[in-house]
Amino acid sequence: MASQTDFYSFKHGMFAVTVLSDGPILLNGELFAPEATDAERAVVVARLNGSDNMAHAQSNIPLIVTEDDVILIDVGAGNRFQPTEGRLEENLKSAGYSAEDVTIVIISHAHPDHIWGLLRENGELRFPKARHFVGREEWDFWMGDAASALPAEVQPFVEGARRDLNAIADRVTFLNDGDEIVPGLMVIATPGHTAGHLSFQLNADLPLIVTVDAVASDVVAFEKPEWSFGFDMDPDRARVTRRALLDRAVRDNATLLGFHWIYPGVGTVRKDGEAYAFTSAAGDRS
Ligand SMILES: [Zn+2]
């Protein structure tokens, strides 16, 4: 883990990118690799520096600064999901910005670790001056009958998503595939992990793709692109999306930034037979 002042930063064309963290979440091996055998799963957990079938997933949140805007892609979980999370705002401060400085908040999808940090405990918006952007399909899914019909164990996710989405209903801008949020920052629809999951591309000489949970684990998804992530809500659709996004990244020589990957989750991808191989741009910082 990075200490509070040791953030990974880089320039990408006209964007200054700093990878913040909301803190790690502890997940069991079945969530990282549902289709793995016990032996394969033990290897995955070990490579994530975990033990006893438990390992940390990181929460890498890109802070993107342009001439005009201070942008966050996702806002972490606040202190509502796991006790190790909720550190985004303090890390943002360490990077030199207050919550009031944020002009744009983009939500990739409405899972707890990505959206539950939207509100403070008193119910006020954490980033009160920001324009908020959410995928149209994601909004419609969580607000609609299909979410109401999800199993009881998932209903806390539904309640949390509705709490946070309702809080921005008067100010939200909806996103669709191909939209340009600010010049050079494009929306890539990557459905499957959730119904309206979005990834994002920052244009420069070569693109940077913020995959978020379309490519959930750097230790699993490149080598085993057919394997699901435990939180994929439509695993078959997520599988098709994951391959399409990785093929696009290989074709375009893109740099990738992954939300749950070993910090800072920035690197490049190449084809490796029928699978892929990831090379971290930051060296081994785990
Ligand atoms: Zn996630």
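Nothing here was measured: the structure is a model prediction, and the numbers come from that model. Whatever order the structure lists ligands and atoms in, that order sets their numbers, starting from 1. As a basis for the values below, the full set of heavy atoms in this structure was taken, side chains included, without hydrogen atoms, waters or symmetry mates.
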Pairs where residues 62-75 contributes a residue and the test side chain to side chain donor-acceptor pair (under 3.5 Å) is met, not counting sequence neighbours:
Asp69-Thr103, Asp74-Ser108, Asp74-His114
Applying side-chain hydrogen bond (donor to acceptor under 3.5 Å, both in side chains) to Thr279 and not counting sequence neighbours gives none
Can you run down the side chain to side chain donor-acceptor pair (under 3.5 Å) pairs that involve residues 128-137, sequence neighbours left out, and say none if there aren't any?
Arg136-Asp140
Number of protein N/O/S atoms that sit closer than 2.8 Å to the Zn ion (ligand 1):
4
Flag the pair Arg41 and Glu35 as a salt bridge only when some basic side-chain nitrogen lies within less than 4.0 angstrom of an acidic carboxylate oxygen.
no
Is there a donor-acceptor contact under 3.5 Å from the side chain of Asp213 to the main chain of Ala216?
no
Would you confirm whether Asn91, through its side chain, and Leu88, through its main-chain N or O, come within 3.5 Å as a donor-acceptor pair?
no
